[in-house]
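A, B, ... follow the sequence lines: proteins, then strands. Residue 1 opens every chain. Keep in mind that this is a model prediction, so the values were computed, not measured.
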There are 2 protein chains.
Amino acid sequence: MREDTDLASTIHHNQPDDTGTHPPARAPRILVVDDEPPIADLVAGYVSREGWEARVVADGIAAVSAVRDFEPDVVVLDLMLPGLDGIEVCRQLRGFSDAYVLMLTARSEEVDRVAGLTVGADDYLAKPFSPRELVARIKALLRRPRSSTAHLRSTGPPGLAVDEDRRSVRVDGRDVELTAIEFAVLAALTRQPGIVLSRARLFREVWGGVNFADDHLVDVHIGNIRRKLGDNAADPRFIDTVRGVGYRLREARP
Amino acid sequence: MREDTDLASTIHHNQPDDTGTHPPARAPRILVVDDEPPIADLVAGYVSREGWEARVVADGIAAVSAVRDFEPDVVVLDLMLPGLDGIEVCRQLRGFSDAYVLMLTARSEEVDRVAGLTVGADDYLAKPFSPRELVARIKALLRRPRSSTAHLRSTGPPGLAVDEDRRSVRVDGRDVELTAIEFAVLAALTRQPGIVLSRARLFREVWGGVNFADDHLVDVHIGNIRRKLGDNAADPRFIDTVRGVGYRLREARP
DNA sequence: AGCGCGCGTCAAGGAACCATCAAGACGCCG
DNA sequence: CGGCGTCTTGATGGTTCCTTGACGCGCGCT
């Protein structure tokens, strides 16, 4: 999949990305594809209420072109569509977009029947669904990292090892216990060593969604991480503070 | 079977992404075995986009011979196949190849898997699946150390022996009786010792499908497993709780 | 040098999370 | 058709940890 097997393609792709300074975070964009107006409007309503930008199209062909110029982060896609069906749309999207696809299916039983065909979406939801659940699923997708392989390359500071699969952190060979949020924050930093991540960016990576409440929250967690890592804010070994911006994982000296 | 052989020639998009550990001299090779061309192509597409070499065959007999001369690192194997079915193919492969096998199952076939009919696969994935998940699983397999006797994996915690073929569980030499679901949950954990599995992931491994109903359900079964294993949640010997995420099988400390 | 603002630390209330218990629902077998 | 084991759902309590606020220090600007 798109992801980032090469870095060049990731950088300018439609990732909501302010690495701190210049552009303010834009609202996530959600494309809703459904040929039944009441349902489409309903979905769009919930999406808007979350502060996300919504666009609605009613058939497969329109969906594909809408993805091109709307560049959504998530596509909510009905399986049954006039023109191209959801499966075909999904497939075409894969060719040029790294948007996550949330497929809507008529009934949970039908998932079985068409299981072989619906392969390719990132998540599924059976109709009828609760709006809460729909929003929760979209949030989960927005929270997913765009790059699944980035952490493998990371050359963080010597003595620090972060394993996202095992969810383990080691400092000089000694295991360190972190809480869920602390781990997520550290992992976000580790994914891009040497890059300054703004608090807003960190918040979105860890908490997901858009609305972020307080910079201070991030500070506190960073503080706790430092304490557990045995790091010192005044003379940091692992996490640099970039005043006025955010935090940065130190790199191995080249 | 219609068109079988390598329709999905190799599309080298980007730099072959070494999966982290050992630098593979050549690009990893993935054999895709599925009799439904759309799915096979889809899978092959994702594989190629990762920079891996893909070959596609459509039936079991072709699969066996393809393994011989293509020498893949990973075989993505549909359970339902014309000719030899996935289980039989898998069994034959074990005789002469140390390729890892990732089995694809439809949701309705999940019952069979829980019943222990499928044997010998290194990982399972239920249809419909997310392409990102498929790639992640393949990466996980590629990352595994390659042993000539591939069966002897799962270096779980000392004192615990889980035999998927035999469907038996032993703790300190004593047999423990587990129900079908309990065994499936424990086996999922055992398949990747040390790796944290989210509740959602566990649910999908055991119950199949992408939608999952209730986290709590997993909790209860974990609780029952622990009780039967003589494990203690507060100070676990076998199964760690990773708060906010899921569960993890403890590893033998190397 | 003085001052303001950003950041680090500490502490406490409250929410989220998980383990356990219990009872209802389901399927399987006799 | 009835009984039993298993799966599922609900409720409860204990524990962790997320969040918020207050306070003090020091960097950097004027």
Side-chain angles (χ1 to χ4, degrees), chain A residues 20-21 108 132 136 139 143 167 169 176-186 188-189 196-200 202-203 205-209 211-248, chain B residues 110-112 114-116 167 176-186 196-200 202-203 205-209 211-248:
Chain A
T21 48
S108 57
R132 281 185 92 78
K139 270 188 185 151
R143 204 175 314 162
R167 238 182 179 88
V169 176
V176 172
E177 293 285 328
L178 294 186
T179 71
I181 286 194
E182 289 162 7
F183 186 87
V185 171
L186 181 58
L189 289 169
V196 180
L197 298 185
S198 69
R199 295 161 212 287
L202 276 173
F203 190 90
E205 295 251 348
V206 173
W207 281 261
N211 23 331
F212 79 100
D214 197 5
D215 284 344
H216 181 46
L217 228 182
V218 179
D219 295 341
V220 173
H221 285 291
I222 289 278
N224 290 334
I225 294 170
R226 278 180 171 150
R227 182 172 41 78
K228 291 187 180 179
L229 295 185
D231 205 0
N232 178 4
D235 177 26
R237 186 177 159 203
F238 301 123
I239 300 175
D240 282 335
T241 301
V242 181
R243 198 182 170 85
V245 184
Y247 298 93
R248 166 181 58 199
Chain B
E110 278 307 297
V111 188
D112 293 342
V114 172
R167 267 193 109 256
V176 171
E177 291 288 326
L178 294 186
T179 70
I181 287 192
E182 288 162 6
F183 184 84
V185 170
L186 182 59
V196 177
L197 299 185
S198 68
R199 294 163 214 287
L202 276 172
F203 189 89
E205 295 259 346
V206 174
W207 281 263
N211 292 333
F212 72 99
D214 195 7
D215 285 342
H216 180 47
L217 188 53
V218 178
D219 294 340
V220 173
H221 284 291
I222 290 278
N224 291 333
I225 294 171
R226 277 179 171 151
R227 183 171 42 77
K228 291 186 179 179
L229 295 185
D231 205 359
N232 177 6
D235 178 25
R237 186 178 160 203
F238 302 123
I239 300 176
D240 281 336
T241 301
V242 181
R243 197 184 169 87
V245 184
Y247 299 93
R248 166 181 58 197

More 5' along DNA chain C: B:R243 or A:H216, using each one's nearest nucleotide?
A:H216
Measure the shortest side-chain to side-chain distance between [X] and [Y] over non-hydrogen atoms and say whether it is less than 4.5 angstrom.
| X | Y | result |
| --- | --- | --- |
| B:V176 | B:F183 | no |
| B:Y247 | B:V242 | no |
| A:W207 | A:L217 | yes |

Taking any atom closer than 4.0 angstrom to a non-hydrogen atom of chain B, what span of DNA chain C does the protein reach, first nucleotide to last?
C:dA16 to C:dT20
Find the distance between CD (A:E205) and CG (A:L202) and round it off to the nearest 0.5 Å.
7.0 Å
Measure the CZ-NE2 distance between A:F203 and A:H221 for me, rounded to the nearest 0.5 Å.
9.0 Å
Length of the CG-C1' vector between B:L217 and D:dT9, whole Å
9 Å
Could you measure between the two P atoms, the one in D:dT20 and the one in C:dC17, and give it in whole Å?
15 Å
Quick test of your reading of the model: are B:R248 and B:D240 salt-bridged, counting only N-O distances below 4.0 Å?
yes
Ion pair A:R199/A:D214, N-O distance below 4.0 Å
no
So for the helix from C:dG14-D:dC17 to C:dG30-D:dC1, with five pairs setting each end axis, what is the inter-axis angle to 10°?
10°
Could you check whether any side-chain N or O of B:D231 sits under 3.5 Å from a backbone N or O of B:I239, counting only pairs where one atom can act as donor and the other as acceptor?
yes
Looking at every strand, decide which applies to A:R226 at a 4.0 Å heavy-atom threshold: base, sugar-phosphate, or nothing.
sugar-phosphate
Can you see if the side chain of B:W207 gets near the phosphate of D:dT8 - specifically, an N or O under 4.0 Å from OP1 or OP2?
yes
